[in-house]
Amino acid sequence: MTAQILTSTQFDDPDIALVKRAAGGDLEAFRDIYERHHRHVYGLVLRLAADQDAAQDVTQEVFIQLWKNLERFRGESKFSTWLHTVATRVAITELRKQTKRLNKLQLAGDDQVQYEQQLVHEDSADLNVLDQLLTRLPLQMRWVFVLHCLEGMRHEDVADELGIAVGTSKAQVHRARGLLEEWLSYDNA
Amino acid sequence: MTTPEKQTPKLDALIQHATEENREVTPPRDLWRGIEASISRGQVTLKRQSHHYWLWFTSAAASLFVVAGITLSLSMNSGSNAVNGQQLELLTMVNQQHQQQRQILLTNFEDAGLQPSFSELQAELDQLRSAAVQVTEQLRLDPDNSELWQFLQWLHQQELDLLKVMYQQPRTYQQV
């Protein structure tokens with residue numbers, strides 16, 4: 001399982017040894033990986049989900065999927081970079097599933113946004129100003145803004161990850177900035 | 001960032017701060033237990049799949065041993081059916097020892113408040129026990145058969161391992 005992994009020596013990656021062991025089935029090593037990275041993953045997922053409970057569940061799913069797919073890590077980038085990609089992908093997939101379930105519960109459209117805002121409002125004491133404002137953004141717009149503006153992904157990659165057009169990604173960022181600026185000006189008034 | 005839109009100092013400052021900070025947030029609850037439970041459950045699932053293979057093998061092997069043993073016994077002189085008393089006594093002891101081990105294991109699980117999780121594994125457990133009974137009967141006819149002795153011990157160990165799987169199956173974690 002580990003034979004194909006981590007042949008690159010171009011990165012001074014502190015996770016390499018742990019990943020090798022975990023890929024070989026060492027659960028203790030995987031726990032060490034979790035301890036090293038789960039706060040960062042949770043931080044990313046919390047921004048995308050804008051809901052503590054959902055973020056916790058999705059973070060669990062990220063690490064479960066990571067355990068199943070460790071052998072796919074080839075060492076072509078730092079492990080933390082690869083994990084970020086995995087976390088983003090799993091988070092979007094899982095949050096989409098949750099959104100569909102919410103839609104089935106007929107919490108569609110404005111009701112859903114209000115529902116999300118209501119959920120987030122309870123947690124907002126732990127969030128900074130920007131994160132609090134992000135929770136007001138519609139779901140996909142928030143994802144695009146977080147991935148492009150905060151996580152530094154190119155529009156092409158965001159579009160690919162979310163299954164939308166590049167133009168849509170750009171437009172969503174533009175619209176998100178407009179809304180955020182508007183809300184900031186309200187707060188300043 | 002690469003946004004070509006109109007720049008707003010305050011928003012840009014917030015974005016810059018957000019991108020520069022090492023954003024690490026500690027989840028309110030311990031997430032590892034659920035992750036570990038799910039991983040273990042996945043491994044149990046794999047074990048369960050493998051159980052089907054070795055149980056099939058067990059049943060087939062037990063049947064072969066019994067058929068071969070009966071055939072061999074019938075072909076032998078009836079005078080040779082005189083059994084070795086010491087070996088029969090040993091057979092009884094082995095089975096009793098296994099029953100004691102099983103009872104201790106079950107008592108420990110019950111004391112720990114554990115309940116068997118896979119009711120569907122009960123059928124496989126019954127198959128194992130049935131195979132052990134068959135092999136025991138065959139050993140009464142052929143007590144010098146060392147392979148049968150080894151096979152009986154193997155069946156006993158598999159039963160204990162299966163009981164551990166049934167009782168130590170982790171609890172479910174909060175699903176997404």
Side-chain angles (χ1 to χ4, degrees), chain A residues 25 27 30-31 34-35 37-47 52-64 66-68 94-95 97-98 101 123 126-131 133-134 145-146 148-152 154-155 170 173-178 180-181 183-185 187-188, chain B residues 1-51 53-54 114 117-118 161 164-176:
Chain A
L27 194 56
F30 188 66
R31 178 167 192 165
Y34 167 82
E35 291 295 342
H37 295 285
H38 80 278
R39 292 175 197 84
H40 182 78
V41 170
Y42 178 70
L44 166 66
V45 174
L46 183 59
R47 267 187 179 145
Q52 274 193 344
D53 288 336
Q56 289 177 100
D57 289 345
V58 171
T59 300
Q60 285 184 314
E61 188 59 29
V62 167
F63 280 94
I64 291 165
L66 180 66
W67 169 261
K68 293 177 181 173
E94 292 300 318
L95 292 172
K97 288 180 189 173
Q98 291 190 0
R101 281 198 287 268
D123 308 325
D126 296 330
L127 302 176
N128 61 37
V129 174
L130 181 59
D131 284 323
L133 293 178
L134 288 179
F145 185 86
V146 168
H148 177 70
C149 295
L150 303 185
E151 300 299 329
R154 297 180 310 137
H155 277 300
K170 291 178 180 177
V173 166
H174 180 77
R175 177 70 180 136
R177 287 186 64 94
L180 292 170
E181 287 164 358
W183 292 333
L184 277 170
S185 66
D187 290 345
N188 289 335
Chain B
M1 290 295 118
T2 56
T3 49
E5 298 82 11
K6 183 184 74 174
Q7 302 292 296
T8 304
K10 186 168 183 181
L11 177 59
D12 288 333
L14 289 173
I15 291 173
Q16 186 174 355
H17 175 72
T19 55
E20 287 176 351
E21 71 172 347
N22 182 20
R23 181 174 165 81
E24 291 196 340
V25 183
T26 302
R29 73 166 197 263
D30 176 20
L31 304 181
W32 173 253
R33 290 180 62 188
I35 296 166
E36 185 181 33
S38 180
I39 290 172
S40 300
R41 189 169 50 190
Q43 289 173 337
V44 168
T45 302
L46 288 176
K47 283 182 183 176
R48 288 182 57 210
Q49 289 171 345
S50 67
H51 277 146
Y53 291 112
W54 64 251
L114 297 174
S117 300
F118 289 133
D161 289 344
K164 289 175 186 172
V165 170
M166 291 174 71
Y167 276 85
Q168 293 178 338
Q169 200 300 97
R171 298 294 175 261
T172 57
Y173 80 107
Q174 184 179 354
Q175 292 285 355
V176 173

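Reminder, nothing fancy here: chain letters follow the sequence lines and each chain counts from 1. Hydrogens, waters and symmetry mates play no part in the numbers below; they use all other heavy atoms, side chains included.
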| field | From NE2 (A:His38) to CD (B:Glu24), nearest 0.5 Å | value | 8.5 Å

| task | Find the distance between CG (B:Asp30) and CD (A:Gln56) and round it off to the nearest 0.5 Å. | result | 10.0 Å

| said: Could you check whether any side-chain N or O of A:Gln52 sits under 3.5 Å from a backbone N or O of B:Pro28, counting only pairs where one atom can act as donor and the other as acceptor? | reply: no

| query | How many angstroms lie between atom CG of B:Leu11 and atom CG of A:Leu130, to the nearest 0.5 angstrom? | reply | 7.0 Å

| Measuring from A:Arg39:CZ to B:Leu31:CG, what's the distance to the nearest 0.5 Å? | 10.5 Å

| task | Please round to the nearest 0.5 Å and tell me the distance separating atom CG of A:Leu180 and atom CG of B:Leu14. | result | 9.0 Å

| field | Separation between CZ of A:Phe63 and CD of B:Glu36, rounded to the nearest 0.5 Å | value | 14.0 Å

| said: Are B:Ile39 and A:Phe30 packed together at the side-chain level, in the sense that at least one heavy-atom pair is separated by less than 4.5 angstrom? | reply: yes

| remark: Scanning both residues in full, the closest heavy-atom pair of A:Arg47 with B:Ala18 reads NH2-CB, 3.5 Å

| field | Heavy-atom pair with the smallest gap, counting every atom of A:Tyr42 and B:Val25 | value | CD2-O, 3.3 Å

| task | For residues A:Arg177 and B:Ile15, report the shortest heavy-atom separation together with the two atoms involved. | result | NH1-CD1, 3.6 Å

| query | Is atom CD of B:Gln16 surrounded by more than 12 heavy atoms (other residues, nucleotides or ligands) closer than 6.0 Å? | reply | no

| remark: For B:Thr19 and A:Cys149 the tightest heavy-atom approach is CG2-O, 3.3 Å

